[in-house]
Undergrad: 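Below you'll find the structure I mean.
Letters A, B, ... mirror the listed sequences (proteins, then strands); counts begin at 1.
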Amino acid sequence: MINLKLFQQNFDEASAKLEKKGVDISTLKNLKELFSSLKEANSSLELAKANQNKMSKLFGQYKKEGKDIDELKAKVDKNKEVISYLQSKAREADNSLYEVALAIPNFPDDSVPNGKDEDDNIEIKKVLTPRDFNFEPKEHWALSEINGWIDFERGVKLAKSRFSVLRGESARLERALINFFLDCNREKGFEEIYVPFLNNSAMLQGTGQLPKFGDDLFKIEGEDLYLIPTAEVPLTNLYNNEILSKDELPILMTGYTPCFRKEAGSAGRDTRGMIRQHQFDKVEMVAITNPDNSDEIFDMMVQNASDILTALKLPHRIVRLCGGDLGFSASQTIDLEVWLPGQNKYREISSISNTRDFQARRAKIRFKDGKKNHLVNTLNGSALAVGRTLIAIMENYQNEDGSIEIPEVLKKYM
RNA sequence: AGAGAGGUGGCCGAGUGGUUGAAGGCGCACGACUGGAACUCGUGUAUGGGGCAACUCAUCGAGGGUUCGAAUCCCUUCCUCUCUGCCA
């Protein structure tokens, strides 16, 4: 959640920032009003309560002293009615404020370029040059058919469309990649963590998936549980509602989880192949940091993800997302896009975001600096998306006959 | 899943309707004592919100309710422990 106080105090500046992310100005004006009326409602409620508390104490005193309490009782009864009225007004104001506030995205950093969608993203650099093929490189689904690697039909039979089955060499490669990624991250100081794949709604609100994006989540019927869409949710919320000590920071975590997404808004996109599935494996990095050095750690995370791709000899490019393409919780995001020769395109394989204190405010993750508590910064990034790496290996390491080489660094994992 | 017990501050633990945001202890911080330390003594020591501040509101697992007033009573819910059941 954004800092409402700051938002209120610098309304013009704040709303200009949010407009960069495509938020409607009338929503923001509404939010400002809701915030004022909540403050008003709360302060009159508090006044009435303070009054009540004082009189109640008197009440006890009078009784002890054997004084007459009828008059006081009448006063106190009346005030009680006032309180219950003010209470309901304050609750109303609270509900309507948070309904709006929780749906407001994070402020983008000043460094975020203006732009509407992915076409306005800015390429920072390319790493490694795509190899020259002396034949027409095939797409991964064609290679899959030749090698028997991915069984799309049976995946659909077992579940529904956008599910698939890996078998034999590809299943082993998937597992090798997970282990390889976890080892790489561990070497950079990330602690390996294994988490529940179902999280409750409070956690999903903490990282920003709820309440606004519930449509993209698989929910367990009759329970307050959701299949996680990314390990960012459990890893970040590991410290939900906790106060850390300053010298625990930064906390660097990595974990493998499957991720589950309904892909509600993606009907018709990437229907062929394994680019966009309802279930996919991902190894995630999450950092909980002091705001003072979150930029530094952000750069380290980008570098780490890029290094892993380099170790796999996969050509990729590093892209800075524009305001319009930035995710809900992010104040800044860098995507890594891997080269897919079969598709003749760079495709997203990692996304690294600094959410600053946006998630920390929602999830109440703070650290103690002397007497004072401050919100931490939270960062997350893939290192890496496993399924998409598998595809990238298939397409980049293919031979003319359709066979696929195994990258050198993975051989010891197979 | 069924039966029982229980959830109080960093930890232990008292507290069954009235200056209790919470005794006492441990821990921790600071000060005194010491050459230094231990011991001892003194002081301080939860979180969130509003306010420039004085101050004020909320929080004794969570949410509701009863009451002038609730950690204490009622309801709902979550969690932990023990026994039974079931499983990997």
Undergrad: I want to check one thing: is the phosphate of C68(B), taken as OP1 and OP2, less than 4.0 Å away from some side-chain N or O of K80(A)?
TA: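 Checking K80(A) against C68(B): at least one side-chain N or O falls below 4.0 Å of OP1 or OP2.
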Undergrad: State which of C68(B), A58(B), G65(B) makes the closest approach to the side chain of R91(A).
TA: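 Side chain of R91(A) sits closest to G65(B).
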Undergrad: Any side-chain N or O of K368(A) below 4.0 angstrom from OP1/OP2 of U47(B)?
TA: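 True: K368(A) side-chain N/O within range (under 4.0 Å) of U47(B) OP1/OP2.
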Undergrad: Look at all strands and tell whether K54(A) reaches a base, only sugar-phosphate, or nothing, counting heavy atoms closer than 4.0 Å.
TA: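 No contact at all - K54(A) keeps every heavy atom at 4.0 Å or more from the nucleic acid.
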Undergrad: Taking atom P of A29(B) as reference, at what distance in whole Å does atom NZ of K246(A) sit?
TA: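 In whole Å, A29(B) P lies 17 Å from K246(A) NZ.
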Undergrad: We want to know whether Q303(A) and D299(A) form a side-chain donor-acceptor pair, criterion being a heavy-atom distance below 3.5 angstrom.
TA: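 On atom types as modelled, these side chains do not qualify, holding no pair under 3.5 Å.
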Undergrad: Please set out all donor-acceptor pairs under 3.5 angstrom arising from side-chain atoms of residues 246-253 of chain A, sequence neighbours excluded.
TA:
from: D247(A); atom 1: OD1; to: S245(A); atom 2: OG; distance (Å): 3.2
from: E248(A); atom 1: OE2; to: S245(A); atom 2: N; distance (Å): 2.8

Undergrad: What's N373(A) touching, base or sugar-phosphate or nothing? Going by heavy atoms closer than 4.0 Å.
TA: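 Answer is sugar-phosphate: N373(A) comes under 4.0 Å of backbone atoms only.
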Undergrad: Would you say N53(A) reaches C57(B)'s phosphate, i.e. side-chain N/O to OP1/OP2 under 4.0 Å?
TA: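 Result: yes.
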Undergrad: Counting Watson-Crick and G-U wobble pairs only, both distances under 3.5 Å, name the nucleotide matched with A29(B), or none.
TA: U43(B)
Undergrad: Check the interface with nucleotides 49-51 of chain B: list each N/O to N/O pair with the protein under 3.5 Å, or write none.
TA:
from: G49(B); atom 1: N2; to: E46(A); atom 2: OE1; distance (Å): 2.8
from: G49(B); atom 1: N2; to: E46(A); atom 2: OE2; distance (Å): 2.8
from: G51(B); atom 1: OP1; to: K39(A); atom 2: NZ; distance (Å): 2.8

Undergrad: Given side chains that start at C-beta, do those of S329(A) and T207(A) come closer than 4.5 Å, heavy atoms only?
TA: no
Undergrad: May I ask you to check whether over 12 heavy atoms, not counting those of K75(A), lie within 6.0 Å of atom NZ?
TA: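 Not more than 12 within 6.0 Å, no.
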Undergrad: Checking side-chain contact (heavy atoms from CB on, under 4.5 Å) between I365(A) and each of T236(A), L375(A), D357(A), L238(A), which is the one that passes?
TA: T236(A)
Undergrad: Taking CD from Q52(A) and C1' from A58(B), how many angstroms apart are they, rounded to a whole number?
TA: 15 Å
